[in-house]
Amino acid sequence: MELLITQIRREFQIPPYFPDDALAEYVKEGKERLEKLNPGSDLEKDHTFRMLLKNYVYYAYHHKVNEWEQNYASLILSWQLGTETET
């Protein structure tokens, strides 16, 4: 999780004074939400899952989770369908 938080902080230029534990909470929330949408996804192997989670954290940091859901709805759907066709 530390590596993911470091990546998120760097990629989205989140300032160092914002606490890591707050970002960790956003990661947990986003991960749980995405796992419910696409059970069995692997954060380490699934790059789409990882990208969606990073973006969830960014939107959560700005208190715009509803906008994340709207903006990424079609990508989430194609991610879900893509996983179904692989199995």
Side-chain angles (χ1 to χ4, degrees):
M1 173 139 0
E2 286 180 32
L3 176 61
L4 185 60
I5 289 172
T6 302
Q7 290 173 347
I8 291 167
R9 193 177 288 283
R10 185 182 67 242
E11 289 174 26
F12 296 110
Q13 300 174 350
I14 296 175
Y17 59 80
F18 190 79
D20 279 354
D21 34 331
L23 289 176
E25 276 302 310
Y26 295 152
V27 168
K28 287 180 197 172
E29 289 169 12
K31 189 171 184 267
E32 183 176 319
R33 194 170 188 169
L34 288 165
E35 285 174 341
K36 286 181 181 179
L37 292 172
N38 200 349
S41 295
D42 183 355
L43 182 61
E44 299 303 316
K45 294 178 184 174
D46 188 338
H47 296 289
T48 304
F49 183 14
R50 193 172 193 81
M51 182 272 300
L52 286 167
L53 180 56
K54 287 180 181 181
N55 281 284
Y56 176 90
V57 172
Y58 178 71
Y59 276 72
Y61 170 74
H62 289 287
H63 308 288
K64 305 282 186 183
V65 175
N66 288 336
E67 288 181 25
W68 171 83
E69 195 169 306
Q70 292 169 355
N71 291 342
Y72 288 92
S74 62
L75 180 60
I76 291 169
L77 181 60
S78 65
W79 173 58
Q80 290 170 313
L81 293 172
T83 304
E84 272 189 28
T85 58
E86 290 174 7
T87 57

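For reference, positions follow the sequence shown, starting with 1.
- Closest of all the heavy-atom pairs between Lys54 and Phe12 is O-CE1, 3.5 Å.
- Rounding to the nearest 0.5 Å places CD1 of Ile76 at 10.0 Å from CG of Asn71.
- When every heavy atom of Pro15 is checked against every heavy atom of Arg9, the shortest pair comes out as O-NH1, 2.5 Å.
- Scanning both residues, Leu53 and Gly30, for their nearest heavy atoms gives CD1-C, 3.5 Å.
- Atoms CG and CG, on Leu52 and Leu75 in that order, are 5.0 Å from each other to the nearest 0.5 Å.
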Show, in sequence, the C-alpha distance, side-chain angles and deciding distance for Tyr58 and Glu11, and conclude whether the side-chain contact (heavy atoms from CB on, under 4.5 Å) test is met.
CA-CA 10 Å; Tyr58 178 71; Glu11 289 174 26; over 6 Å; no
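- Residues Tyr56 and Lys31 form no side-chain contact, since every pair of their non-hydrogen atoms from C-beta on lies 4.5 Å or further apart.
- The main-chain N or O of Tyr59 is never found under 3.5 Å from a side-chain atom of Glu67 such that the two would form a donor-acceptor pair.
- Val65 places none of its side-chain heavy atoms less than 4.5 Å from the side chain of Glu29.
- Centroid-to-centroid, the aromatic rings of Phe18 and Tyr61 come within less than 6.0 Å.
- Going from atom CD of Glu2 over to atom CG of Asp20 covers 7.5 Å, rounded to the nearest 0.5 Å.
- Side-chain atoms of Asn38 and Phe49, non-hydrogen and from C-beta on, never get closer than 4.5 Å to each other.
- Remark: Leu43 CG to Leu34 CG distance equals 9.0 Å, nearest 0.5 Å.
- In summary, Glu32 and Lys36 engage in a salt bridge, as defined by a charged side-chain N under 4.0 Å from a carboxylate O.
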Evaluate the side-chain contact (heavy atoms from CB on, under 4.5 Å) criterion for residues Trp68 and Arg33: first the C-alpha distance (whole Å), next the side-chain angles of each, then the deciding distance (0.1 Å), finally the verdict.
CA-CA 12 Å; Trp68 171 83; Arg33 194 170 188 169; 4.3 Å; yes
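- Judged by distance alone, the side chain of Asn55 and the main-chain N or O of Met51 form a donor-acceptor pair under 3.5 Å.
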List the steps, then state whether side-chain contact (heavy atoms from CB on, under 4.5 Å) holds for Leu4 with Arg50.
CA-CA 9 Å; Leu4 185 60; Arg50 193 172 193 81; 3.8 Å; yes
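- Rounded to the nearest 0.5 Å, atoms CG (Leu23) and NZ (Lys28) are 12.0 Å apart.
- Taking CD of Glu44 as the start and CG of Leu3 as the end, the distance is 8.0 Å to the nearest 0.5 Å.
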